[in-house]
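Notes follow the structure.
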Amino acid sequence: MSDSDPFDLGSIPEEETARSLSAQASAAVRPPYLTGLNDNQREAVEAMNGPVLVLAGAGTGKTRVLTTRLAHVLATRNAWPSQILAVTFTNKAAREMQNRIGMLVGGVVEGMPWLGTFHSIGAKILRRHAELVGLRSDFTILDMDDQNRLLKQLIRADGIDEKRWPARQLASYIDGWKNRGLTPDKVPAGDAEHYGNGKGATLYAAYQARLKILNAADFGDLLLECLRLFQENPTVLADYQERFKYMLVDEYQDTNVAQYLWLRLLAQKHKNICCVGDDDQSIYGWRGAEVDNILRFEKDFPGAKVVRLEQNYRSTPHILGAAAGLITANESRLGKTLWTDLNEGEKVTLRGLWDGEEEARVISEDIEQLQRKGHLLREIAILVRASFQMREFEDRFINLGLPYRVVGGPRFYERMEVRDANAYLRLVAQADDDLAFERIVNKPKRGLGDKALQTLHQLARAQGISLMRAARLVVDTEELRQPARRNLKAFVEMVDRWRALVPGMGHIELAETILDESGYTEMWQNDRSADAPGRLDNLKEVVRSMDHFENLAGYLEHISLVMEIEQNDTIDKVNLMTLHSSKGLEFDTVFLPGWEEGLFPHQRSLDESGISGLEEERRLAYVGITRAKKNARISFASNRRIHNLWQSSIPSRFVDELPKDHVEVIQGDTSFGNYAEFGQSRFDHEFTQSNYGGPGWQRAQANARAGAMKTRPPNIEAHAELIATSDPAASSYEAGERVFHQKFGYGLVAEIDGNKLTVEFEHSGRKKVIDTFVERHD
DNA sequence: CTGGAGGATCTTTTT
DNA sequence: GATCCTCCAG
C-alpha cells in the first residue's frame, strides 16, 4: 500500500472499555451456553472488548466458538442483534451460523439483519445508498458470464484483437484489481500494461462506466463500491461505524484486500472486531485472498488479543500427526500445534498405483468393503485436486451402481437453461437489463438475429438508452424488415404483458406463465437431443425453488448471490468433491487420490506463484488430510491420462513430506508403483537445503524472469467514448430537410414525431425511421 | 437468418 | 473429449 492509500487511517489505539455489569454478572453465574467449552474456547468467547484474533486449527470447534460468542454478546445485552455485523464467505456458513445461534439463543434470529456473506452484506448496504455511487437501488448483480459478454463488447469496440487478448483475461485482471480495492484511477501503471498493450486500465474504466449505465454491479463491485461509498461519504460511514458495536469475521485467512479495508473502516469506532481463521487453511490466494491479513492482524489492530484453539476434536493422532508434519514445511505461518485426546487409531495409508483407472477401481473396492463393514457412504469422501479427476470415479461408481454425490460441481445456476429462465425474469423485473434482453430476445428463435440486434445496439448506444427502449422505438419504424419488426413488436408486447401481471400474480405462477408463453419450455420439448429432458427438469426446479421467496425481486437477489441450490441430502451417498470445496467438512474416511507432481501440487500454481503457490498447495493437502476423522488414504498413480495423452508421473513431493511414523505404505498386489524409496526422498538428494528447489520452482523462477522482460512501457491510447448522450425526446430535424439513410438512401423529411421521422425517400418511398440513423444532407 | 461442420483451445480451485 | 467459436452453405 502506498502512502496515498485513502483507507489508511493509521493504527487503531487500544481502548480500555469497562465490561458491562451484566457481563460481569453473567460470567459469575456461567450461563449454560458456556459449559462444555474448553479454556481457550471460553477465553475466545468472553474476550468481548477490543480486537480479538482466534486462531482456530482444523477441527477445534471454531463454529461453536463463533456462535457462542454471538450468543454471549446478545445474552449479556452488550448489543442488540441489529448492532452485530457477522460476515462469512459462503452462504452455507452464514446459514449454519444463523441456525446455531437460533438454537443457542432460542428461537428467532430474524433480528440478525447483518449476518451474511461479505457479498450479500455489501449488496445490502449498496442498495440503501445506491444513488451515492451512481446506481439505483434496484441495480442488477452480474455474474461472470454477463461480465464476460460485456467485456467482449467493449474489447470489440476498442478494436482489440480478441484472440490475442481474451475477454476472460481482462475479466480476471479487473477482478484482481477489485479484490485489491483498486478503482480504475488507482490501477498501477505496471499492472495496466499486461492487457491489450496498456489498455487494461482504460478498459476497466470503460467497463465501470458501462456498468453504471446498465444499472449493474458485478461481484467485485459489491465490495469495492461499498468501500468507495464509505470513503466518499463520511457521514454514511460514521453511521455504520456507530451501528456495528460488535463485528465477527469467519475464515479471516480468506479475506482479500478490499474486504480487509472494508472491515478495518467499519471497526474504527467500537473496535470490537473478532476475526476467526486458520492461516494453515488459506487456500484461496488465487482468488485474491491475502494470507497476510491474518499474519498481520496484531499489527493492524494493536492490543489485539490472540487466542489459539489447538485441541482437535475431530481426528485421530495419526491423522493429525501426518497433517502437522506436512504443514511444518511451510515457512510463512503463525504456527499452531494441534493435539487430541482421542485414541491413536489407524495410520494414514499410502498407496501407489499404475494409473488413474486402477486408482478409481481400488478406491471403489475399498468403499464397497467399508460399506460391507457397515460404514455409511455419507461418511466417506473422495477429495480431488482438479475436477477432471472426478470423471474416472463417476464412471466407476455408475458402473458399480454405487450411489455418489458430487459436491460443488457444475452449478445449477450456471446451466444455460437456468440462466435463460432467469434472464426472462430479470427482464420482467427490470426492463433495462440489457444483458438479459440480449440473452433471450431470440431464444427461442424469433427471427431476431445479429442484424436486428446490431440495429438495436446502435440505436441504444447513440441515444444512451437500453435495448428494450430502443426496441420500443424501432418497432414503430421501418428500420427493420417486416418479419423482424413484427416479431420484435410481439416480443416487446409480451414482456409488457408479463410486467403488468407482476402486481397481481404470484411470482411462481408468473414464472410458469413466462416460460410457457415465451415458448421457451416448448423449445426444449421439441428438442430431441439427449440433454433436453434434463433441461426441462431444471426449468421445473427453477420454478419450484421460487417458493422459498416472497417475490420476484427476492428470488433474483438470491440467485445472483447464492450459487448453489439446496438439495435435500437424506440419501446415503459417497461424496465426491474438490479439495477446495471440502473445507469445513468432515468425514470418517477420506480418500486423497492423485498425489503426483504437476497435479498436486498443481503445475500452474507453481508456475504462477512460485513459493507462495507451493505453500498454498501444501495447505490444500493439509486441509484434505484434516477432513478425516478416522481414516485418511492417500494414493498416487504412475501414469495418468491428461487431455487424452498418457503422461507418466512421479509421486508428489508432499508424499515425501509426510512423517513416516504416521504413515503405512500399502503394497498392492497388482500394482507397480515405484515408491519403495518412500522416506528417503529423491528431493533429499537433489535439494538438500530447501524445500524450494523442485523442478516446478525452477520453472517458476524462469517464468518470473521472462515475465519481467515482457513488460513494455505504457502505451495508453485515448479511449473512444462509447455512450453518446443525446436527448431522445426531441429531434433536431425539421420538415423538408434533406437526409441520408444507410439503407434507404436520400430523402426529404415529411413528418416529425419526437425522434421518429417520416421520410419520403427518393428510391425507397415513404418510410418511418429514427433520427439517429439518418444524417443531414444539405 | 439458421444450422451444421470444422477448428481452436482448453481443463484449478469460486463468492 | 468437450465446449465454444467461426465460417460457410442453404
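The chains referred to below are lettered A, B, ... by the order of the sequence lines, with proteins before strands, and numbering in each begins at 1.
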For C:dC4 and B:dT13, measure between their P atoms and round to the nearest Å.
->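 15 Å, rounded to whole Å.
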
Give the table of side-chain donor-acceptor pairs shorter than 3.5 Å for residues 284-292 of chain A, with sequence neighbours excluded, one pair per line with atom names and distance.
from: A:Tyr284; atom 1: OH; to: A:His580; atom 2: O; distance (Å): 3.4
from: A:Trp286; atom 1: NE1; to: A:Ile283; atom 2: O; distance (Å): 3.1
from: A:Trp286; atom 1: NE1; to: A:His580; atom 2: NE2; distance (Å): 3.4

Hey, is the side chain of A:Lys583 poking within less than 4.0 Å of OP1 or OP2 on B:dT14, counting only N and O atoms?
->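 For B:dT14, OP1/OP2 do not have a side-chain N/O of A:Lys583 under 4.0 Å.
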
Any side-chain N or O of A:Ser582 under 4.0 Å from OP1/OP2 of B:dT13?
->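 No, no such contact exists.
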
Restricting to salt bridge (Lys or Arg N to Asp or Glu O under 4.0 Å), what partner residues turn up for [X], sequence neighbours left out?
X        : result
A:Glu438 : none
A:Glu251 : A:Lys62, A:Lys583
A:Glu225 : A:Lys212, A:Arg228
A:Arg439 : A:Asp145, A:Asp420

B:dT13 pyrimidine/purine six-ring stacking with A:Trp286, under 5.5 Å and 30° |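 Stacking is present between B:dT13 and A:Trp286, given that their ring centres fall under 5.5 Å apart and the planes under 30°.
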
So, A:His580 and B:dT12: ring centres less than 5.5 Å apart, planes less than 30° off, yes or no?
->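 The ring of A:His580 is not stacked on B:dT12.
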
Would you mind reading off the distance between [X] atom [atom1] and [N] atom [atom2], rounded to a whole angstrom?
X        : N      : atom1 : atom2 : answer
A:Leu383 : B:dT12 : CG    : P     : 19 Å
A:Leu620 : B:dT14 : CG    : P     : 10 Å
A:Leu606 : B:dT13 : CG    : P     : 16 Å
A:Gln147 : B:dT14 : CD    : C1'   : 13 Å
A:His558 : B:dT15 : NE2   : C1'   : 13 Å
A:Met577 : B:dT12 : CE    : C1'   : 16 Å
A:Tyr284 : B:dT12 : OH    : C1'   : 11 Å
A:Met390 : B:dT11 : CE    : P     : 16 Å

Sugar-phosphate only, base, or nothing, as touched by A:Ser605 at under 4.0 Å among non-hydrogen atoms =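 Contact class for A:Ser605: base.
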
Are A:Tyr252 and A:Phe89 near enough that their ring centres are under 6.0 Å apart?
->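 No, they do not, as the ring centres are separated by 6.0 Å or more.
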
Within the 6.0 Å centroid threshold, strictly below: A:Phe600 and A:Phe654 =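 Under 6.0 Å, so yes.
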
Out of [options], which nucleotide sits closest to the side chain of [X]?
X        : options                : result
A:Ser581 : B:dT12, B:dT14, B:dT15 : B:dT14
A:Arg391 : C:dA2, B:dT14, B:dT15  : C:dA2
A:Thr117 : B:dT13, B:dT12, B:dT15 : B:dT15

With distance as the sole criterion, do the side chain of A:His119 and the base of B:dT15 form a donor-acceptor contact below 3.5 Å?
->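 Such a pair is found, so the answer is yes.
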
All N/O pairs under 3.5 Å across the protein-nucleotides 1-3 of chain B interface:
from: B:dC1; atom 1: OP1; to: A:Gly449; atom 2: N; distance (Å): 3.1
from: B:dT2; atom 1: OP1; to: A:Gly447; atom 2: N; distance (Å): 3.4

Search all heavy atoms of A:Ala323 against all heavy atoms of A:Thr626 and return the closest pair with its distance.
->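 Smallest interatomic distance, heavy atoms only, reads CB-CG2, 3.6 Å.
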
